[in-house]
Amino acid sequence: MKKVTVHTLLEKKRAKQPITWLTAYDFPMAQFEEKAGIDIILVGDSIGMTTFGYDSTLPVTMDLLIPHTQAVRKGAPNVFLIGDMPYMTYQVCAQEAVRNAGRFMAECGCDAVKLEGGREVLDTVKALIRATVPVVGHLGLTPQSIAMLGGFKAQGRDADAALRLIEDARMLEEAGVCMILLEAVPPEVGKVVAERARIPIVGIGAGPHVDGQCLIVHDMLGMFDAFTPKFVKKYAAIGEQIVQALNVFKEDVKAGGFPAAEHCYGMPEAESQKLRQLLKNTK
Ligand code: KIV
């Protein structure tokens with residue numbers, strides 16, 4: 001796979017070739033995704049829910065995300081890799097944001113970092129770009145703001161809210177972001193944002209008219225069923241297959257079917273005989 005850069009993604013937008021974006025949190029999944037030719041991997045703070053069992057993304061920290069992001073980069077050296085700025089790693093001040101984003105770039109080899117929000121994060125976005133960190137914006141349903149949004153709810157569903165979101169996208173683009181992820185908004189909103197932007201607009205629940213589609217890999221593979229947003233399409237039922245395989249293993253062990261001869265290490269007959277002899281002289 002040829003290295004995916006910000007230019008590759010811009011070219012895809014211009015050529016109207018849909019961009020594909022998934023999350024990954026570990027080395028094997030990253031390898032699968034690069035093999036499949038996925039353009040972008042986000043090591044999302046959704047790891048808090050998919051992998052660590054929290055009920056939101058808020059407890060996720062830099063120290064938790066860094067080793068996962070490093071593992072994903074090792075598994076997928078050529079995808080466009082985005083580090084996800086955790087809650088309160090960029091909201092306090094631009095200086096802290098630069099320091100934290102710098103860790104994703106220097107310690108993990110990321111191609112960009114993502115942060116949530118519109119007009120309220122413009123100064124931070126500009127500070128990151130001045131510090132040479134490419135930034136991806138995230139608008140619509142921004143999971144780090146669930147306390148303010150009143151839960152995981154679709155956004156931009158009335159004209160005023162939609163207009164504000166469309167303006168936020170323009171402001172982020174003017175501030176210099178290289179791409180925007182648009183989450184859980186009506187297709188009309190996705191269409192306007194994508195049509196007006198020169199940068200790629202990728203949707204996760206933003207309808208079909210955006211420049212690419214993103215999903216959380218545990219959702220689309222059927223590996224996470226605590227809840228499933230409306231925008232998720234399940235492409236496999238891996239969770240069910242895992243439980244099925246584990247049950248077969250359990251029954252096999254109980255019935256003495258595992259291990260069979262082919263799973264055992266051999267010992268030359270002479271050594272086996274010698275061992276039996278030696279054992280006679282020991283307790
Ligand atoms: O953390 C995450 O996985 C996200 C998704 C919306 C892609 O930000």
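Just so you know, ligand 1 is whichever comes first in the structure, and atom 1 is the first atom listed for that ligand. As a basis for the values below, the full set of heavy atoms in this structure was taken, side chains included, without hydrogen atoms, waters or symmetry mates.
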Within the 4.0 Å heavy-atom shell around [X], which atoms of ligand 1 are there?
{"X": "H138", "result": "6 (C), 8 (O)"}
{"X": "T23", "result": "3 (O)"}
{"X": "G44", "result": "1 (O), 2 (C), 3 (O)"}

Once you restrict to heavy atoms under 4.0 Å, what part of [X] touches ligand 1? Side chain, backbone, both or neither.
{"X": "D45", "answer": "both"}
{"X": "C214", "answer": "side chain"}
{"X": "D84", "answer": "side chain"}
{"X": "L42", "answer": "side chain"}

Within-shell test, E116 vs ligand 1, heavy atom, strictly < 4.0 Å = no

State whether [X] and [Y] are salt-bridged, where the test is any N-O pair (Lys NZ or Arg NE/NH1/NH2 against Asp/Glu carboxylate O) under 4.0 Å.
{"X": "R164", "Y": "E120", "value": "no"}
{"X": "D219", "Y": "K234", "value": "no"}
{"X": "R170", "Y": "E173", "value": "no"}
{"X": "R119", "Y": "E167", "value": "yes"}

Between Y87 and T89: side-chain donor-acceptor atoms closer than 3.5 Å | no

For P200 and L9, the nearest pair of non-hydrogen atoms, with its separation, is CG-O, 3.7 Å

How close does the nearest protein non-hydrogen atom get to atom 6 (C) of ligand 1, and which residue and atom is it?
-> E183 OE1, 3.1 Å

Option from Q144, E116, R99 for which side-chain hydrogen bond (donor to acceptor under 3.5 Å, both in side chains) with Y90 holds = Q144

Using distance alone, determine whether S46 and ligand 1 share an N or O pair under 3.5 Å.
-> yes

Consider every N or O of K114 and every N or O of ligand 1, then say whether any pair is closer than 3.5 Å.
-> yes

Crowded around E240 CD? As in, over 12 foreign heavy atoms under 6.0 Å?
-> no

